[in-house]
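Lettering follows sequence order; numbering is per chain, from 1. All heavy atoms count here, side chains included; hydrogens, waters and symmetry mates do not.
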Amino acid sequence: MALRFYNTLSQQVEDFSPARDNTVRMYTCGPTVYDFAHIGNFRTFTFIDILRKCLRANGFRLDHVMNVTDVDDKIIRNAVAQHKSLEDYTAIYKNAFLEDCGLLRLESPERLVPATAHIDDMVEAIERLGAGNHTYSSDGSVYFRISTFPGYGKLSHNDFSGNLAGARVDVDEYEKADARDFALWKAPKEGEPAWQTPLGPGRPGWHIECSVMAIKYLGETLDIHAGGIDLVFPHHENEIAQSESLTGKPFSRFWLHAEFLMVEGQKMSKSLGNYYTLRDLVGRGYAPEAIRYLLASVPYRKSLNFTLDGLKSAAIAIERLRNFKLRLETDRYQPGHNEQLAARTAAASQAFGDSLNDDLNTAEALAAVFEYVRDANSAMDSGEFRAGNVAAAAEFLGRFDSIFQVLEPGVQAGQISDAQVESLIAERNAAKKARNFARADQLREELLQQGIILEDTKSGVRWKRK
RNA sequence: GGCGCGGUAGCCAAGUGGUAAGGCAAAGGUCUGCAAAACCUUUAUUCGUCGGUUCAAUUCCGACCCGCGCCUCCA
């Protein structure tokens with residue numbers, strides 16, 4: 001099945017391929033580094049990771065830009081309060097974000113670009129917008145005049161014609177000509193850090209960094225722009241207004257948005273006490289792989305109910321897949337090749353890919369994997385699984401894990417070495433042969449204390465780390 | 001109020017105009033020195049409610065109820 005995505009712009013599922021050569025030019029909204037990212041943020045970032053991997057699985061190359069917003073009102077407020085420079089303050093959370101991404105096995109985009117390294121580009125873009133009469137100044141700030149952009153509202157499917165002038169709006173801070181106009185450049189308030197530019201002292205507005213950095217690195221029309229659904233309005237709508245006013249070309253061909261995450265059936269909020277950062281959960285003993293699995297297992301366009309029970313279920317589901325992989329690698333099989341099973345393996349792998357290509361239906365893709373695992377385990381039990389079937393099974397597992405990335409356990413410091421484990425297993429085998437089961441059980445218990453689980457099988461002993 | 005998404009078994013969650021994937025949990029069984037792992041069986045006559053279209057609807061249409069998001073910073 002050809003790859004296809006739901007496009008927020010058209011509100012339809014459309015076949016996808018990049019516009020030029022074989023490279024997907026993609027921009028995704030990254031973190032604002034004013035605090036630790038929470039599990040809802042990572043729902044979106046996990047979706048983007050799955051998206052990347054599926055694009056590559058379809059043979060496309062990637063040029064993916066993600067921004068790091070390292071200047072905004074909250075960052076300035078917090079940095080000033082803590083008497084830190086913007087750089088010192090944001091470095092803490094940027095590093096934490098990168099660490100968290102590593103734990104969740106989220107690939108780095110080809111380019112990770114900080115807003116503050118592009119101030120000159122933004123100033124230049126604002127000047128060009130001004131030259132095109134898209135802007136006006138007020139109290140040292142520069143605003144985008146929405147009435148100069150006829151397509152405003154096309155992404156969020158809102159009709160803004162006519163209902164603006166009389167709208168009740170909060171105008172306490174800035175003077176705007178129209179309620180929907182937004183800041184391109186913000187004049188500093190008392191004591192705030194500011195850049196000295198031809199526009200006057202100040203800092204960029206929220207939306208301009210994305211337009212400028214996307215166009216700078218990827219060109220005037222992106223293949224894909226993605227982010228959380230709450231960014232549709234106003235952030236992405238405003239990006240479109242700026243970018244298309246600047247270039248006269250469509251800003252992005254596809255717009256993909258991830259739905260929200262709920263926690264225990266409720267919205268996540270600090271006051272409800274169900275607000276989790278990744279480090280909260282890891283600190284409570286939940287495996288990053290289980291978190292990744294849970295976040296990835298619900299298709300991105302559906303809201304995801306994140307629960308601690310769900311996390312436990314996810315860990316057990318992963319365990320089942322790892323057990324299968326271990327069995328595949330350690331059992332001995334009769335020579336030969338089971339054609340029927342081979343055909344079912346191929347069908348399962350095909351179903352897996354088709355499901356992912358159908359707007360990243362990860363739930364359906366997982367179903368194909370689990371159905372296959374049951375089938376193959378069953379064939380192993382009955383002896384119908386033959387040596388000639390191993391390669392295709394391993395390949396399917398590899399295909400699965402190239403997307404989901406949950407099969408390899410995370411490494412922990414201070415673990416017993418493989419050689420030590422093998423040595424103790426040999427000792428236990430000798431004890432078993434001598435029918436000294438007490439000693440054998442004692443050795444198993446000792447290994448268990450070290451986090452090693454033994455399984456006696458027809459093919460001999462196999463072991464795994466807890 | 002406007003725009004958008006959703007309500008499927010104990011929980012999580014796919015899906016289709018023709019009679020309900022998968023995971024977890026629960027119960028029973030097979031296998032086994034023990035322990036695991038694995039497999040088998042059982043668990044939604046029913047898909048928020050009420051109407052309509054149809055030979056047939058969970059799937060299409062309408063109304064209503066409930067939850068969530070955006071409309072102000074927000075993944």
Exercise. Paired stems touching RNA chain B, three or more consecutive Watson-Crick or G-U pairs with both distances under 3.5 Å?
Worked result: B:1-7 with B:65-71, B:10-12 with B:22-24, B:26-30 with B:38-42, B:48-52 with B:60-64

Problem set entry | Salt-bridge present (A:Glu446, A:Arg428; N to O < 4.0 Å) | no

Please work out if [X] contacts a base, only the sugar-phosphate, or nothing of the nucleic acid, heavy-atom cut-off 4.0 Å.
X	result
A:Phe260	base
A:Ala258	nothing
A:Leu326	nothing
A:Met262	sugar-phosphate
A:Asp441	base
A:Pro299	sugar-phosphate
A:His38	base
A:Val232	nothing
A:Thr44	base
A:Arg439	nothing
A:Asp72	nothing
A:Lys267	sugar-phosphate

Exercise. Which residue, A:Arg444, A:Arg462, A:Arg327, forms the salt bridge (Lys or Arg N to Asp or Glu O under 4.0 Å) with A:Glu455?
Worked result: A:Arg462

Exercise. Counting N and O atoms only, with roles assigned by atom type, does the side chain of A:Ser252 sit under 3.5 Å from a partner on the main chain of A:Trp255, one being a donor and the other an acceptor?
Worked result: no

Problem set entry | Donor-acceptor contact below 3.5 Å, side chain A:Asn338 vs main chain A:Leu341 | yes

For this session: Is it possible for you to check whether A:Lys74 lies under 6.0 Å from the centre of the six-membered ring of A:Tyr34, through NZ or CZ, and within 45° of that ring's axis?
Result: yes

Exercise. Listed by chain and number, what are the side chain to side chain donor-acceptor pair (under 3.5 Å) partners of A:Glu371, not counting sequence neighbours?
Worked result: none

For this session: For A:Ser243, enumerate each residue passing the side chain to side chain donor-acceptor pair (under 3.5 Å) test, keeping only those at least two apart in sequence or located in another chain.
Result: A:Ser211

Exercise. What about A:Asp381: does its side chain form a donor-acceptor pair under 3.5 Å with the base of B:C31?
Worked result: no

For this session: Measure distances between side-chain N and O atoms of A:Arg444 and base N and O atoms of B:A35, and say whether any donor-acceptor pair falls under 3.5 Å.
Result: yes

Exercise. A:Asn323 has a side chain; which of B:C12, B:G33, B:A37 sits nearest to it?
Worked result: B:A37

For this session: Kindly point out which of B:C71, B:A13, B:A21 is positioned nearest to the side chain of A:Glu371?
Result: B:A21

Problem set entry | Any A:Asn158 side-chain N or O less than 4.0 Å from OP1/OP2 of B:G2 | no

